Amino acid sequence: MFIYIISILLSVTGLVAYVLYQSLDKKIVYKSLQNKHVVITGGSSGIGKAAALEAVRLGANVTVIGRDIGKLQAAVTEITANCANKEQKVQYAALDVTSNYDEIQKRFTAIEAEMGPIFMLVNCAGSCICGQFDKMKPEDIKMMIDLNYFGSAYPTRYVLPGMKKRNEGLLVFVSSEAAFIGIYGYTAYSAGKWAVRGLAEALHMELVGTNVRQTLVFPPDTDTPGFANEELTKPNETKLISSSGGLHSPDEIGKKLIHDAMSGKTYSVIGFSGQVLALLNGGLIESTSQVILQIFGMGLLRAIVVSIMLSFHKIVKDGLNEKEKKEKQKTN
Ligand SMILES: NC(=O)C1=CN([C@@H]2O[C@H](COP(=O)(O)OP(=O)(O)OC[C@H]3O[C@@H](n4cnc5c(N)ncnc54)[C@H](OP(=O)(O)O)[C@@H]3O)[C@@H](O)[C@H]2O)C=CC1
Ligand SMILES: CCCCCCCCCCCCCCCC(=O)[C@@H](N)CO
């Protein structure tokens with residue numbers, strides 16, 4: 001009897017969610033990037049470059065942003081070679097996205113003067129400095145927010161008024177699976193990616209009623225130059241835990257984020273672990289089927305993830321034991 005009432009209640013809740021979703025949160029699908037201006041911060045390497053390649057294959061004009069001019073020039077050559085037609089334009093802008101707002105505004109104004117109003121902004125510039133929080137350099141802790149948060153917040157602040165006025169546009173935020181789950185060694189980094197997620201999810205609600213949309217991307221470990229670099233200083237515990245999401249190709253993530261954004265997805269996640277983490281953590285309403293899955297599946301998913309998290313705790317404890325053993329051997 002009790003179970004019967006509960007299922008009816010849940011079904012009614014699901015139905016209400018469905019009706020609200022259909023009437024309030026209109027899905028916007030953009031079918032083409034032909035002649036559209038796509039700006040990608042961090043477009044000279046890794047995931048950002050892969051996204052830029054996919055954007056030009058779909059006919060977009062692309063601006064890639066980064067600091068190192070050599071890397072930018074090489075990327076522009078590679079991206080240009082992938083264009084779908086001869087009229088497409090590809091340019092770079094050397095800009096540090098951690099600059100103050102006046103500089104961001106000035107440079108983005110010039111970027112738009114060159115290639116037209118920005119239709120899609122992919123906030124992908126970012127990096128990860130790993131380590132136990134008590135051992136991190138204070139300036140690195142700050143950098144994780146300056147780059148990963150402000151490096152996305154300021155460019156977004158610049159493009160939003162134009163997008164709202166034209167009533168079209170796509171904003172993409174490259175966060176991380178580390179913004180779904182707190183992991184040993186990702187303290188300072190997670191904070192930056194969590195901040196990005198907070199910005200994007202709140203912004204999502206500010207965009208209701210407009211045709212501007214945002215997509216939050218949650219990549220697992222991805223085989224990029226940035227990843228190779230972070231591996232050099234990554235604690236062993238972090239490597240073991242982080243790798244449970246697998247190692248993916250930048251191509252896979254870059255392509256998917258472009259298509260997920262165009263098809264109006266609020267989250268862009270990879271693989272089974274990404275789906276599970278999104279279901280458990282996701283505040284945004286992705287689709288009716290997702291809401292129903294959340295209503296009925298939360299308990300089971302939570303049980304699965306708690307057991308996985310406890311296995312992560314074991315990795316940390318084993319690491320501690322290992323270190324103690326080494327200490328003892330040294331003193332003997
Ligand atoms: N690889 C991974 O495992 C994962 C990565 N991510 C996120 O994906 C994004 C891309 O990462 P990935 O492709 O691995 O990184 P890469 O290091 O390969 O590329 C980073 C890009 O960002 C640019 N960049 C870095 N700092 C700045 C800055 N201050 N101003 C302007 N541009 C800058 C770099 O150019 P330059 O150095 O010349 O400035 C480069 O183009 C990051 O936000 C990262 O946190 C998320 C989850 C997993
Ligand atoms: C059934 C499955 C349940 C869920 C399992 C949980 C798996 C957790 C994996 C977390 C991986 C975090 C990757 C962050 C990568 C990143 O951002 C850095 N490489 C920075 O560049």
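This one's a predicted model, so the numbers in the text were calculated from it and none came from an experiment. These values consider heavy atoms only, across backbone and side chains, with no hydrogens, waters or symmetry-generated copies. Counting convention: from 1, in listed order, for ligands and their atoms alike.
Note: an N/O pair closer than 3.5 Å links D68 and ligand 1 by distance alone. Checked against a 3.5 angstrom limit, the closest N/O atoms of S176 and ligand 2 fall inside it. Residue G226 has at least one nitrogen or oxygen atom sitting less than 3.5 Å from a nitrogen or oxygen atom of ligand 1, judged on distance alone. Note: no N/O pair closer than 3.5 Å links E177 and ligand 2 by distance alone. Annotation: K234 places no N or O atom under 3.5 Å from an N or O atom of ligand 2; distance criterion only. Here's the thing with G48: none of its N/O atoms is less than 3.5 angstrom from an N/O atom of ligand 1. Not one N or O of L147 is nearer than 3.5 Å to an N or O of ligand 1, by distance alone. The distance criterion of under 3.5 Å between nitrogen or oxygen atoms is not met by T98 with respect to ligand 1. At least one N or O atom of T224, backbone or side chain, sits closer than 3.5 Å to an N or O atom of ligand 1. Inclusion of E230 in the set of residues having an N or O under 3.5 Å from an N or O of ligand 1 is not warranted.
Contact annotation: the side chain of C124 approaches that of I47 to within less than 4.5 Å [non-hydrogen atoms, C-beta and beyond]. You'll find the side chain of L171 reaches within 4.5 Å of the side chain of F173, heavy atoms only. At least one side-chain heavy atom of M136 sits under 4.5 Å from a side-chain heavy atom of I129. Taking 4.5 Å as the limit, some side-chain heavy atom of Y267 sits within range of a side-chain heavy atom of E201. Taking 4.5 Å as the limit, every side-chain heavy atom of S44 sits out of range of all side-chain heavy atoms of Y92.
Across L257, T222, I47, heavy-atom proximity to atom 5 (C) of ligand 1 is greatest for I47. With atom 34 (C) of ligand 1 as the reference point, the heavy atom nearest to it among M144, K71, K193 is part of K71. Ranked by closest heavy atom to atom 30 (N) of ligand 1, the top entry among I253, L247, V97 is V97. Between atom 31 (C) of ligand 1 and the options D146, D221, L95, V174, the minimum heavy-atom separation is to L95.
If you look at E177 next to ligand 1, there are no close heavy atoms at all, none under 4.0 Å. Residue-level proximity to ligand 1 for P220 is carried by the backbone, the only part with a heavy atom below 4.0 angstrom. Only the side chain of Y189 comes within 4.0 Å of ligand 2, judged by heavy-atom distances. Residue contacts with ligand 2, taken as heavy atom pairs separated by less than 4.0 Å, involve S242 via backbone and side-chain atoms alike. Counting heavy atoms closer than 4.0 Å to ligand 2, residue T222 contributes nothing at all. Under 4.0 angstrom from ligand 1, there are no non-hydrogen atoms of C128. Under 4.0 Å from ligand 2, not a single heavy atom of K193 appears. Neither the backbone nor the side chain of T41 has any atom closer than 4.0 Å to an atom of ligand 1 (non-hydrogen atoms only). When non-hydrogen atoms are compared, ligand 1 lies under 4.0 Å from the backbone of R67 as well as from its side chain.
Taking both residues in full, the closest heavy atoms of Q290 and L284 are given as OE1-O, 3.8 Å, listed atom of the first, atom of the second, then distance. Closest heavy-atom contact between M115 and V62: CE-O, 3.6 Å. Across every non-hydrogen atom of H248 and G245, the tightest pair is NE2-O, 3.1 Å.
S268 pairs by the side-chain contact (heavy atoms from CB on, under 4.5 Å) definition with T215, V217, K256, L257, D260, not counting sequence neighbours. Not a single side chain to side chain donor-acceptor pair (under 3.5 Å) links E206 to another residue, sequence neighbours left out.
Note on ligand 1: P250 sits outside its first shell, no heavy atom being nearer than 4.0 Å. Remark: distances from the non-hydrogen atoms of S99 to ligand 1 are all 4.0 Å or more. Ligand 1 does not have V64 within reach: every non-hydrogen atom of the residue lies 4.0 Å or more from it. Between G151 and ligand 1 there is no heavy-atom distance shorter than 4.0 Å. Distances shorter than 4.0 angstrom do not occur between any heavy atom of F218 and any atom of ligand 1. In this structure, A75 does not count as a contact residue of ligand 1, since none of its heavy atoms falls inside 4.0 Å of the ligand.
By the 4.0 Å N-to-carboxylate-O rule, K255 lies close enough to D251 to be salt-bridged with it. Using a cutoff of 4.0 Å between basic side-chain nitrogens and carboxylate oxygens, E54 and K49 are not scored as salt-bridged.
The nearest heavy-atom contact from the protein to atom 18 (O) of ligand 1 is S45 OG, 2.6 Å. What sits closest to atom 20 (C) of ligand 1 on the protein, heavy atoms only, is G126 O, 4.0 Å. Among all non-hydrogen protein atoms, the one lying nearest atom 9 (C) of ligand 1 is C124 O, 3.1 Å. Closest to atom 29 (N) of ligand 1, if we only count protein heavy atoms, is D96 OD1, 2.9 Å. Nearest to atom 24 (N) of ligand 1 among the protein's heavy atoms is A125 CB, 3.9 Å.
The backbone N or O of T224 sits nowhere less than 3.5 Å from a side-chain atom of T222 that would complete a donor-acceptor pair. In terms of modelled atom types and a separation under 3.5 Å, the side chain of T238 and the main chain of Y184 share a donor-acceptor contact. In terms of modelled atom types and a separation under 3.5 Å, the side chain of S244 and the main chain of L240 share no donor-acceptor contact.
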Salt bridge (charged side-chain N to carboxylate O under 4.0 Å, His left out) between R107 and E112: does it pass, once the steps are laid out? CA-CA 9 Å; R107 302 300 308 284; E112 286 200 310; over 6 Å; no
- [ ] Report the C-alpha distance between Y154 and F108 in whole Å, list the side-chain angles of each, state the deciding distance to 0.1 Å, and finish with yes or no for ring-ring contact (aromatic ring centres under 6.0 Å, His included).
- [x] CA-CA 10 Å; Y154 281 180; F108 267 77; over 10 Å; no
